[in-house]
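Before any comments, here is the structure.
Basis for what follows: all heavy atoms, side chains included, without hydrogens, waters or symmetry-related copies. Source: prediction; values computed, not measured.
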Amino acid sequence: MKKMLLAATVLLSGAATMTAQETLQKPGFFSNMSIGVQGGATTPMTSGKNFFKDMRGVAGLDIRKQITPAFALGAEGDFAVNTSNWKGMTHSTTAFDASYVGTYGAVNLFKLFQPYGTKNVFDIEAVAGAGWGHLYQNGKGTDHNFFATKAGLNFNFNVSDNVTLSIRPSVLYDMSDAHAKQTSAAYDAGKATINVMAGVSVKLGKGFKYSLPEYNLDEIAALNEKVTNLRADLAAAGDALNQSTNENMMLASEIQKLKNQKPVVVKETQDFLSTVRYVNFAIGRYNVPSDQLPNVAAVASYLKNHPKATVSIKGYASQDGPAEVNERLANQRAESVKNMLVSKYGIPESRIKAEGMGIGHMFEEESWNRVAICTLDNGAPVSTETSVTK
């Protein structure tokens, strides 16, 4: 029974969220309210052989407010008819020997999972509540008041939009601790009653009315057109993908053919060691260092020995320092070598081309990129020899 009460509590807490989209148009005070009467029998849970002997009639009144189609809050009052001596207790002289008044929450188990606006001829509710219990006694005993909890199920037959017939089995617990002054609470089968009642309820006011969203047909048509265009784009993208796949396969085949070919080696008969000279510089400097003067002299000697030869001087700088400074240094280094060839060795300027190339990336050793590269050209053609490596 404890598990049943916990499950009912969880259902009650989640019911409002699960039906939050249902809306009532023009709600009033009596909207979704109902009032009903119920009657049946009650007997102690642990009566044993006296189950039917201790059974007696019970009748009550029920008022509820449907918060959502699946969740309701209500209040009820039940009174046990004074017809028998219940579990040896002193017989009450009143018309009733027990009563219960409490509030409850109810969750419609069908509405939780059905589309909004669904009407059922039959449904089931889980009910849990708490309230005040009272036993009427005379003679040796005294009246007994206690905190009570109640849990059960409602089997509802909706005979019309406004009238519901129900079968309502439930269990009512006296939560006061026996032999104590009602200072603690416990679920004790010895202080519980089984109740089986039938009820009829009538709805008051208006029920739930469901409003459907208004659709703009022009917007729907525009969205459909977009969907059609997107599908066409998707088909075109698929065709392009297939074409690219075929092209990639062809390229892969060509690459494989090239890999299978034997490499071709081209040999040049020109000796670049005799036609290229390097003049290295210190960092941040553009004047030709003394240890580099032999390289400049070698260039001048070549030009004098080959009257038709020319020289191309390209100056470079390393990556050290600001870019604009390196650009200027590269140009100054080329001009410094040119000026020395002209002023010291008498080489005509027309045979010399000098230009700065900026930052060099020819050598992994960064300091080697601070250089002026002098390339000599005597006008003779460069002969080549092609061979296939076996």
Side-chain angles (χ1 to χ4, degrees), residues 1 3-25 27-28 30-43 45 55 57-78 100 102-131 149-172 192-212:
M1 183 54 64
K3 293 182 179 179
M4 188 169 113
L5 288 173
L6 290 173
T9 303
V10 172
L11 289 172
L12 292 176
S13 63
T17 303
M18 297 186 71
T19 57
Q21 296 183 17
E22 301 189 57
T23 58
L24 175 67
Q25 298 177 351
F30 291 105
S31 296
N32 302 301
M33 289 189 67
S34 61
I35 185 169
V37 293
Q38 55 191 10
T42 179
T43 189
M45 181 180 288
M55 184 179 294
V58 62
L61 182 68
D62 174 81
I63 300 176
R64 72 156 58 188
K65 173 77 171 181
Q66 201 73 31
I67 306 302
T68 72
F71 177 56
L73 294 176
E76 63 177 331
D78 298 322
Y100 167 76
T103 58
Y104 66 86
V107 177
N108 191 312
L109 302 180
F110 286 18
K111 293 290 187 182
L112 286 177
F113 307 103
Q114 289 179 328
Y116 302 134
T118 302
K119 294 183 179 181
N120 299 318
V121 176
F122 171 76
D123 54 46
I124 300 175
E125 291 179 317
V127 182
T149 59
K150 186 176 182 180
L153 295 173
N154 290 345
F155 299 92
N156 300 323
F157 299 88
N158 303 301
V159 296
S160 72
D161 290 341
N162 297 320
V163 178
T164 299
L165 300 179
S166 304
I167 303 298
R168 304 173 181 178
S170 64
V171 176
L172 181 70
T193 60
I194 298 175
N195 311 285
V196 179
M197 292 189 286
V200 57
S201 60
V202 179
K203 294 181 181 178
L204 306 177
K206 297 179 179 180
F208 286 102
K209 293 184 179 180
Y210 305 90
S211 58
L212 296 175

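Remark: the Asn120 side chain and the Gln114 side chain contain an N/O donor-acceptor pair separated by less than 3.5 Å. Tyr104 and Asp62 are linked by a side-chain donor-acceptor pair at a separation below 3.5 angstrom, with hydrogens and angles left out of the test.
Using a 4.5 Å cut-off on side-chain heavy atoms (C-beta onward), Val58 and Met197 make contact. Contact check for Val107 versus Leu112: side-chain heavy atoms found under the 4.5 Å cut-off. Side chains of Ile63 and Met33 form a contact here, defined as non-hydrogen atoms less than 4.5 Å apart. Val171 is not listed as a side-chain neighbour of Asn195, based on a closest heavy-atom distance of 4.5 Å or more.
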Full working for side-chain hydrogen bond (donor to acceptor under 3.5 Å, both in side chains) between Asn32 and Gln66: CA-CA 5 Å; Asn32 302 301; Gln66 201 73 31; over 6 Å; no
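With sequence neighbours left out, the side-chain contact (heavy atoms from CB on, under 4.5 Å) criterion links Ala41 to Met55. Every residue two or more places apart in sequence or in another chain was checked for a salt bridge (Lys or Arg N to Asp or Glu O under 4.0 Å) with Arg168, and none qualifies. With sequence neighbours excluded, the residues that form a ring pair (Phe, Tyr, Trp, His ring centres under 6.0 Å) with Phe157 are Phe122. Scored by the side-chain contact (heavy atoms from CB on, under 4.5 Å) test, Thr164 finds Asn156, Asn158, Ser166, Ser201 as partners (sequence neighbours excluded). Partners of Asp78 by side-chain hydrogen bond (donor to acceptor under 3.5 Å, both in side chains), not counting sequence neighbours, listed by chain and number: Gln38, Lys150.
A donor-acceptor pair under 3.5 Å links the side-chain atoms of Lys111 to the main chain of Thr118, judged by distance alone.
Note that the OG1 atom of Thr42 and the CD1 atom of Ile194 stand 8.5 Å from one another [nearest 0.5 Å]. Between Asp123 atom CG and Phe110 atom CZ the span is 6.5 Å, to the nearest 0.5 Å. For the atom pair OG1 (Thr103) and CZ (Arg64), the distance works out to 13.0 Å, reported to the nearest 0.5 Å. Between the CG atom in Leu61 and the CD1 atom in Ile35 there is a gap of 5.0 Å [rounded to 0.5 Å]. Atoms OG and NZ, on Ser160 and Lys203 in that order, are 8.0 Å from each other to the nearest 0.5 Å. Atom-to-atom distance recorded for Leu172:CG and Thr193:OG1 is 4.5 Å, nearest 0.5 angstrom.
Of all non-hydrogen atoms in Gly129 and Tyr100, the two that sit nearest each other are C-OH, 4.1 Å. Nearest heavy atom pair, residue Asn108 against residue Pro69, reads CB-O, 4.2 Å.
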